[in-house]
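The figures here come from the full heavy-atom set of this structure, side chains too, leaving out hydrogens, waters and symmetry mates. Below, read A as the first sequence line, B as the second, and so on, with proteins coming before strands; counting in each chain starts at 1.
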Amino acid sequence: MGAEAGGPYLPGLLSLREGPCLSAAVRALGASCDVLLIDATGVDHPRLAGLALHLGAVLGLPTVGVTHRPLLAQGAWPQDARGAHSPLTLDGDVVGTWLRTRRGARPVAVHPGWRTTLDDAIAVVSAAASGHRTPEPLRHARHLARIARANG
DNA sequence: GCGACAG
DNA sequence: ATCTTGTCGC
């Protein structure tokens, strides 16, 4: 599978670098899915078009984004309780939410993506986290990426 | 020119 | 992202 980056990493232009490779990879799977969990933002973007939204539009698949921190949006952290969440706003609009996936760990930023709502996003990330800060699918993907990188 | 803005 | 060091909880 072609794994060439589409360009250098530049804040706001992540989809230019990761988009081509990711869309090709998802298509290569040849399998259907209910929703794609993307390590990127949605409307929280300089042009309101983060990679989670971009990829979902290109593939025609629902997406939910989750990142360590917001790109431009801001919001106070929720209380330190599992499942607690607080809004992330950009120019007065709620574009995502902080979500405490695990007690004692800093919250993750959750972003509604292509054809998903804020509630959908929270539900998907909460269910996928299951006790860990990072959703299991993303931890698994990173694990596989490390192994692939170690080989050739 | 500098700062910072996903990864 | 990637790297290193230190701390905490299971």
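- Residue pairs meeting the side chain to side chain donor-acceptor pair (under 3.5 Å) criterion with at least one partner in residues 39-51 of chain A, sequence neighbours excluded, are Asp39(A)-Arg142(A).
- Legend: side chain to side chain donor-acceptor pair (under 3.5 Å) pairs involving residues 103-116 of chain A, not counting sequence neighbours, sorted by first then second residue: Thr67(A)-His111(A).
- Between Thr63(A) and Ala52(A) the shortest heavy-atom distance is OG1-O, 2.7 Å.
- Nucleotides dA4(B) and dA1(C) place their C1' atoms 15 Å apart, quoted to the nearest Å.
- Here the side chains of Pro70(A) and Trp98(A) are in contact, with some heavy-atom distance below 4.5 Å.
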For a quick test of your reading: what N or O donor-acceptor pairs under 3.5 Å do the side chains of residues 73-80 of chain A make, sequence neighbours left out?
unit_1	atom_1	unit_2	atom_2	d
Asp80(A)	OD1	Gly104(A)	N	2.8
Asp80(A)	OD2	Gly104(A)	N	3.4

Would you give me the side-chain donor-acceptor pairs under 3.5 Å for residues 10-28 of chain A, sequence neighbours excluded?
unit_1	atom_1	unit_2	atom_2	d
Ser15(A)	OG	His54(A)	ND1	2.9
Arg17(A)	NH1	Gly7(A)	O	2.7
Ser23(A)	OG	Gly19(A)	O	3.0
Ser23(A)	OG	Pro20(A)	O	3.1

Side-chain donor-acceptor pairs of residues 55-62 of chain A under 3.5 Å, sequence neighbours excluded:
none

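- Using a 4.5 Å heavy-atom cutoff, the side chains of Pro112(A) and Thr97(A) are not in contact.
- Considering only residues two or more places apart in sequence or on other chains, His68(A) meets the side chain to side chain donor-acceptor pair (under 3.5 Å) condition with Arg133(A).
- The minimum heavy-atom distance linking Ala121(A) with Val110(A) is given by the pair CB-CG1, 3.5 Å.
- Among all heavy-atom pairs drawn from Val94(A) and Leu118(A), the shortest one is CG1-CD2, 3.9 Å.
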Taking Watson-Crick and G-U wobble contacts under 3.5 angstrom, with | marking pairs to another strand and [ ] crossing pairs, the secondary structure of DNA chain C is written ..........
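- Between Arg142(A) and Arg103(A), the residue anchored nearer the 5' end of DNA chain C, judged by the nucleotide with its closest heavy atom, is Arg142(A).
- The stretch residues 54-68 of chain A comes close to DNA chain B through Thr67(A), His68(A), each having a heavy atom under 4.0 Å from the strand.
- Across all their heavy atoms, Ser126(A) and Leu99(A) have their closest contact at OG-CD2, 3.6 Å.
- Where pairing requires Watson-Crick or G-U contacts shorter than 3.5 Å, DNA chain B shows no helical stem with at least three consecutive pairs.
- In this structure, the side chain to side chain contact (heavy atoms under 4.5 Å, CB included) partners of Val66(A), at least two apart in sequence or on a different chain, are Leu37(A), Val108(A), Val125(A), Pro135(A), Leu138(A).
- With a heavy-atom cut-off of 4.0 Å to chain A, the contacted part of DNA chain B has its first and last nucleotide at dC5(B) to dG7(B).
- What you find for Arg102(A) and His132(A) is that their closest heavy atoms are CB-C, 4.2 Å.
- Counting heavy atoms from C-beta on, the side chains of Thr117(A) and Ile122(A) never come closer than 4.5 Å.
- Using a 4.0 Å heavy-atom criterion, one finds that Asp39(A) contacts the sugar-phosphate atoms exclusively.
- Of the possible donor and acceptor atoms, none in the side chain of Arg100(A) sits under 3.5 Å from a partner among the backbone N and O of Gly83(A).
- On the nucleic acid side, DNA chain C has its first and last nucleotide under 4.0 Å of a heavy atom of chain A at dA1(C) to dT2(C), going 5' to 3'.
- Here Leu53(A) lies out of heavy-atom contact (under 4.0 Å) with every strand.
- Residue Leu51(A) is classed as a base contact, given a heavy-atom separation below 4.0 Å to a base.
- In this structure, Arg69(A) reaches the sugar-phosphate backbone alone: every heavy-atom distance under 4.0 Å involves primed, P, OP1 or OP2 atoms, never a base.
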